[in-house]
Amino acid sequence: MNLFSFLGDMLHLGSMLILLFKIKNDKSCAGVSLKSQILFTIVFTARYLDLFTNYVSLYITFMKITYIAVSYYTLHLIARKFKFTYDKDHDTFKIVYLIAPCAILSLITYDRTTIGIYSTILEILWTFSIYLESIAILPQLILLQRTGEVETLTSNYIVLLGGYRAFYLFNWVYRIIFYNWSGKIEMLSGLLQTVLYADFFYYYAKSRMYGKKLVLPQ
């Protein structure tokens, strides 16, 4: 772990906690995409199934447990506790169109040097999670575009997610320079995820510059 990955992790965790705070404080999940949260929960579940079999450090274990716990709790708040505030009329993206291609790609491109059935399954799931994470925010962005006006905490949530990805791009550059690292799947997926955030970041920066509420074009 280096400073870039650590800062990325903190921004990632911060984004999740901000979203959780918004839902709990407002007692509403208005403006939050259940579809995106389902995808992120699938991402963490698939990626961290090695939680009890692959110990790296106390920090990594803590982050894995936290990501899984917070994502499932957020899902519970949206789908159960505050489901009467959920905007199902605008959150209509069919996530199977994102899950299926990622699953197929993971079966084609996973690291085939892995030995053993269990390790191979974990490797396929890890690869699947990398692909899926890169596009999991898409239903959320589409929901916000359909509704137009974006609440401050919701916009901050997305900005922190984008910041997390930006710091991980720096982390990859650092690892390439100093450790001769080659992670093509992570880099390509990370670049795709960054591109998806670019349009939102433009309107966010514009709204901050002029001191106006963030409104996305419909």
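Residues passing the salt bridge (Lys or Arg N to Asp or Glu O under 4.0 Å) test with Arg47, sequence neighbours excluded: Glu133. Listed by chain and number, the residues in a salt bridge (Lys or Arg N to Asp or Glu O under 4.0 Å) with Asp111 amount to none (sequence neighbours excluded).
Formation of a donor-acceptor pair under 3.5 Å by the Thr85 side chain with backbone atoms of Ser28 is not found in this model. With hydrogens and angles ignored, the 3.5 Å screen pairs a side-chain donor or acceptor of Asp91 with a backbone N or O of Lys35. Using modelled atom types, one side-chain atom of Ser36 and one backbone atom of Ala136 make a donor-acceptor pair closer than 3.5 Å.
A donor-acceptor contact under 3.5 angstrom links the side chains of Lys24 and Tyr73, judged on distance only. Between the side chains of Tyr72 and Thr45, at least one donor N or O lies within less than 3.5 Å of an accepting N or O. No donor-acceptor contact under 3.5 angstrom links the side chains of Asp199 and Tyr204, judged on distance only. Inspection of the Arg146 and Thr92 side chains reveals an N or O donor paired with an N or O acceptor under 3.5 Å.
Annotation: side chain of Ser5 is not in contact with side chain of Phe167 (no heavy-atom distance under 4.5 Å). Looking at heavy atoms from C-beta onward, Ile135 lies out of side-chain contact with Leu39 at the 4.5 angstrom threshold.
Checking each of Leu17, Ile18, Val32 against Tyr157 for a side chain to side chain contact (heavy atoms under 4.5 Å, CB included) leaves exactly one that passes, namely Ile18.
Sorted by first and then second residue, the ring-ring contact (aromatic ring centres under 6.0 Å, His included) pairs with a member in residues 86-130 form an empty list; sequence neighbours excluded.
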